[in-house]
Amino acid sequence: MTADRPHILLVNPWIDDFAAYDVWAQPLGLLMLAGLLRRQGYRLSYLDCLDRFHPRAPRSEPFARQGRGPYIKTPQPAPAGLEDIQRRYSRYGIRTAWLHDDLSRQAPPDLILVTSMMTYWYPGVQATIAVLRQTYPAVPILLGGIYATLCREHAERTSGADHVIPGAMDARLLETISSLTGYGARATIDLDDVNAYPYPAWDLRRLINYVPILTSLGCPFDCAYCASQFLQPRCRRRHPQAVIEEILFWHKTSGVRDFVIYDDAFLMQPDAHAGPILEGLIRSGARLRFHTPNALHIRGIDRPMARLLARAGFHTLRLGLETTVRNKQETYDHKVNLNEFVSAAGNLREAGFTPQTVGAYLLIGLPGQPMDAVVESIRLVKNQGIQPILAYYTPIPHTQLWPEAVAASRYDLEADPVFSNNAIFPCQPESFSWERLSALKKITRIAA
Ligand code: B12
């Protein structure tokens with residue numbers, strides 16, 4: 001019976017970078033797609049090149065650091081043009097030999113789907129595709145995800161995939177998959193209805209130590225440095241009850257305690273969305289912990305919201321402050337002003353949050369931004385009892401700031417996405433000082 005159902009292999013590729021760490025990073029898009037394809041009737045396998053719990057990997061404690069942890073890494077030569085950077089470049093993820101062995105044990109697939117994340121991680125995507133191609137020369141390989149969407153032409157030219165499919169999953173994608181596999185499954189759900197999506201197929205992971213949650217898609221803001229509106233042009237919210245059910249489902253079936261909010265705008269219209277979700281979770285009595293590494297909007301954190309967040313078990317809070325320097329903020333970011341930050345910080349303190357668990361992102365490395373511009377912001381954030389966290393700017397195609405970033409950069413950003421790596425501060429001038437950066441990092445520290 002199952003033999004006539006096509007077999008699809010889903011692959012989360014390696015990361016090539018100067019640094020990478022699992023900060024609750026999972027390929028949510030790929031596993032959402034997996035959930036949908038399973039519902040369509042396909043047989044699935046999953047190969048996670050970033051698997052920290054691979055049987056041949058050194059033992060890693062899955063629940064320490066609430067699920068976060070280091071990837072295995074293998075030193076690599078830095079890409080052309082970045083040889084002078086005084087930092088070690090590595091391939092993050094399982095060893096190449098393990099990947100070959102795992103693939104050789106795998107039933108041959110009819111189709112391979114590879115995802116992608118950061119644009120400048122594409123060398124890891126290329127290397128993964130090369131191994132897949134070597135093992136299964138005749139199997140079509142589809143590449144999608146964030147790099148494929150933001151740098152479509154580059155991916156078409158260089159990735160080695162047979163098809164590059166930009167954008168979110170839609171009916172056309174299902175048609176493509178159906179025509180490539182010869183399996184005539186029509187969409188079984190309305191893809192416009194976010195409440196109808198099956199749960200992401202987290203059960204394909206070797207171990208579920210935390211679960212990312214998306215309660216809404218898209219972002220109503222249009223910040224100059226961010227690509228969210230290009231990646232997800234439509235804002236759509238899931239029904240609060242559906243979100244509560246999903247969280248409790250993973251908690252009950254897999255014992256998961258740590259949940260990670262991936263939304264761009266979780267606190268928008270809180271009375272209709274975050275409020276009911278948090279209240280429902282509190283009512284459930286489940287002992288849960290939430291983390292928001294993708295940042296919450298400060299404006300949404302009034303007194304009742306701060307209390308709700310605390311009671312629902314929000315643990316690691318990140319706030320999207322970006323920069324408190326007033327004129328810069330107006331230029332780059334529509335999200336927040338200073339009074340709102342001070343008030344949100346007060347509300348969080350009152351609700352029991354401490355600098356150990358609450359941090360505010362400050363964007364650094366923007367085109368034309370002198371390093372020292374953030375000193376004032378760091379001070380202000382610390383004075384509010386909140387940990388400043390320097391977030392290094394990465395230039396992203398299709399954002400408002402891209403042309404300015406291209407003009408300001410000491411690299412040819414348009415020629416090669418590898419130059420967009422935020423670790424090299426691509427938009428700072430030649431005179432950029434690593435010592436100054438270290439000094440800035442030092443002043444962010446708050447004594448415990
Ligand atoms: C959640 C998130 C994170 C998470 C981790 C996510 C992860 N998986 O690793 C956290 C908070 C840790 C994070 C961190 C960072 N992030 Co981030 N993040 C996001 C965010 C908000 C959502 C990504 C997501 O999961 N979306 C939901 C899923 C459902 O969508 P999706 O992955 O695109 O998948 C869909 C399609 O692409 C498609 N698809 C996916 N795979 C495939 C495969 C095939 C074959 C096909 C056909 C289709 C397909 O179908 C899916 C369903 O529709 C995006 C912005 C955004 N709105 O997309 C930024 C974004 C990806 N992040 C960005 C940045 C800059 C960062 C940081 C560098 C920030 C910083 N300065 O520190 C860090 C570094 C990350 C790291 N790991 O080292 C940038 C990317 C920049 C770049 N150059 O590529 C983005 C675009 C935001 C922005 N500023 O514009 N991030």
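Source: prediction; values computed, not measured. Both counts, for ligands and for their atoms, begin at 1 and track the order of listing. Computed from heavy atoms alone, side chains included, the values below leave out hydrogens, waters and symmetry copies.
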Report, in ascending order of atom number, the atoms of ligand 1 lying under 4.0 Å from any heavy atom of Ala168. 36 (C), 53 (O)
For residues Pro198 and Gly35, report the shortest heavy-atom separation together with the two atoms involved. CG-O, 3.6 Å
Using a 4.0 Å cutoff against the non-hydrogen atoms of Gln26, which atoms of ligand 1 qualify? 7 (C), 8 (N)
Is there a donor in the side chain of Gln26 and an acceptor in the side chain of Tyr210, or the other way round, less than 3.5 Å apart? yes
Which atoms form the tightest heavy-atom contact between Ala265 and Pro220, and what is the distance? CB-CD, 3.7 Å
For atom 61 (C) of ligand 1, what's the nearest protein heavy-atom neighbour? Residue, atom name and distance, please. Ile146 CD1, 3.5 Å
What's the shortest distance from atom 57 (N) of ligand 1 to any protein heavy atom, and which residue and atom give it? Asp264 OD2, 2.7 Å
Taken to the nearest 0.5 Å, the spacing of Ile72 CD1 from Ile94 CD1 works out to 7.5 Å
When distances are taken from atom 62 (N) of ligand 1, the protein heavy atom at minimum range is Met118 CE, 3.6 Å
Under 30°, 30 to 60°, or over 60°: which ring-plane class applies to Tyr147 and His154, parallel, tilted or perpendicular? perpendicular
Residue pair Asn294 / Tyr361, side-chain donor-acceptor N/O under 3.5 Å: no
Of the non-hydrogen atoms in Gly365 and Tyr393, which two are nearest, and what is the gap between them? O-CD2, 3.4 Å
Atom 53 (O) of ligand 1: closest protein heavy atom, distance to 0.1 Å, is Met169 N, 2.9 Å
Residue that, paired with Arg91, satisfies side chain to side chain donor-acceptor pair (under 3.5 Å) out of Thr74, Asp16, Thr96: Asp16
Parallel under 30°, tilted from 30 to 60°, perpendicular over 60°: which one fits the rings of Phe425 and Tyr392? tilted
Contacting atoms of ligand 1, where contact means under 4.0 angstrom from a heavy atom of Pro293: 11 (C)
Does NE2 belonging to His239 count more than 12 external heavy atoms closer than 6.0 Å? no
Check: of Ala148, Gly29, Pro397, min heavy-atom distance to atom 28 (C) of ligand 1 comes from Gly29
Taking all heavy atoms of Ala423 and all of Trp434, pick out the closest pair and write down the distance. O-CH2, 3.0 Å
Counting only heavy atoms on the protein side, is anything nearer than 4.0 Å to atom 1 (C) of ligand 1? yes
Side chain to side chain donor-acceptor pair (under 3.5 Å), that's the test. Do Tyr46 and Asp203 meet it? Break it down for me. CA-CA 10 Å; Tyr46 177 47; Asp203 53 290; over 6 Å; no
Considering only heavy atoms of Cys226, which atoms of ligand 1 have at least one such atom less than 4.0 Å away? 88 (C), 89 (N), 90 (O)
Considering only non-hydrogen protein atoms, determine which one is nearest to atom 69 (C) of ligand 1 and report residue, atom name and distance to 0.1 Å. Asn422 ND2, 4.8 Å
Numbering as shown, the atoms of ligand 1 that approach Leu231 to under 4.0 Å (heavy-atom distance): 56 (C), 58 (O), 86 (C)
Test your reading of the model: is there a side-chain donor-acceptor pair from Thr444 to the backbone of Ile389, 3.5 Å cut-off? no
Restricting to heavy atoms, the pick from Phe230, Tyr392, Tyr147 nearest atom 71 (N) of ligand 1 would be Tyr392
Heavy atoms only: which of Ala295, Cys223, Gly144 lies closest to atom 48 (C) of ligand 1? Gly144
Residue and atom name of the nearest protein heavy atom (relative to atom 85 (C) of ligand 1), distance in Å to one decimal: Ile396 CD1, 4.6 Å
Kindly state if atom 26 (N) of ligand 1 has a protein heavy atom within a strict 4.0 Å cut-off, that is, under 4.0 Å? no
Ligand 1 to Met32, heavy atom cutoff 4.0 Å, flagged ligand atoms 29 (C)
Could an N or O of ligand 1 be found under 3.5 Å from any N or O of Tyr120, whether backbone or side chain? no
Can you check salt bridge (charged side-chain N to carboxylate O under 4.0 Å, His left out) on Arg68 and Asp22, steps first, answer last? CA-CA 5 Å; Arg68 285 166 291 187; Asp22 177 5; over 6 Å; no
Under 4.0 Å from a heavy atom of Val23: which atoms of ligand 1 are those, numbered in the order shown and with their elements? 12 (C)
Would you find a donor on one side and an acceptor on the other, under 3.5 Å apart, between the side chain of Ser116 and the backbone of Gly144? yes
Under 6.0 Å between ring centres: does that hold for Phe221 and His297? yes
With backbone taken as N, CA, C and O and side chain as the heavy atoms from C-beta onward, which portion of Val114 lies under 4.0 Å from ligand 1: side chain, backbone, both, or neither? backbone
Measure the distance from atom 39 (N) of ligand 1 to every protein heavy atom, then report the residue, atom name and distance (to 0.1 Å) of the closest one. Gly145 N, 3.6 Å
Atom 46 (C) of ligand 1: protein heavy atom closer than 4.0 Å? yes
Nearest heavy atom to atom 24 (C) of ligand 1 wins, so pick from Tyr122, Tyr262, Tyr71. Tyr262
Are any of the N/O atoms in Ala227 less than 3.5 Å from those in ligand 1? yes
Looking only at distances, please establish whether an N/O atom of ligand 1 is found under 3.5 Å from an N/O atom of Gln232. no
Does Arg38 count as lying over the ring of Tyr199, i.e. NZ or CZ under 6.0 Å from the six-ring centre, within 45 degrees of the axis? no
Does CZ in Arg88 sit with more than 12 non-hydrogen atoms of other residues, nucleotides or ligands closer than 6.0 Å? no
Can you confirm whether something in the protein, heavy atoms only, sits under 4.0 Å from atom 12 (C) of ligand 1? yes
Minimum distance, heavy atoms only, to atom 21 (C) of ligand 1: which one of Asn294, Leu191, Leu217 is it? Asn294
Report, in ascending order of atom number, the atoms of ligand 1 lying under 4.0 Å from any heavy atom of Leu173. 47 (C)
Heavy atom of Trp121 under 4.0 Å from ligand 1? yes
Starting from atom 38 (C) of ligand 1, find the nearest protein heavy-atom neighbour and note its residue, name and distance. Gly167 O, 3.4 Å
Would you mind telling me if ligand 1 is within reach of the side chain of Thr119, the backbone, both or neither, using heavy atoms under 4.0 Å? both
Relative to ligand 1, is Thr399 under 4.0 angstrom through side chain, backbone, both or neither, heavy atoms considered? neither
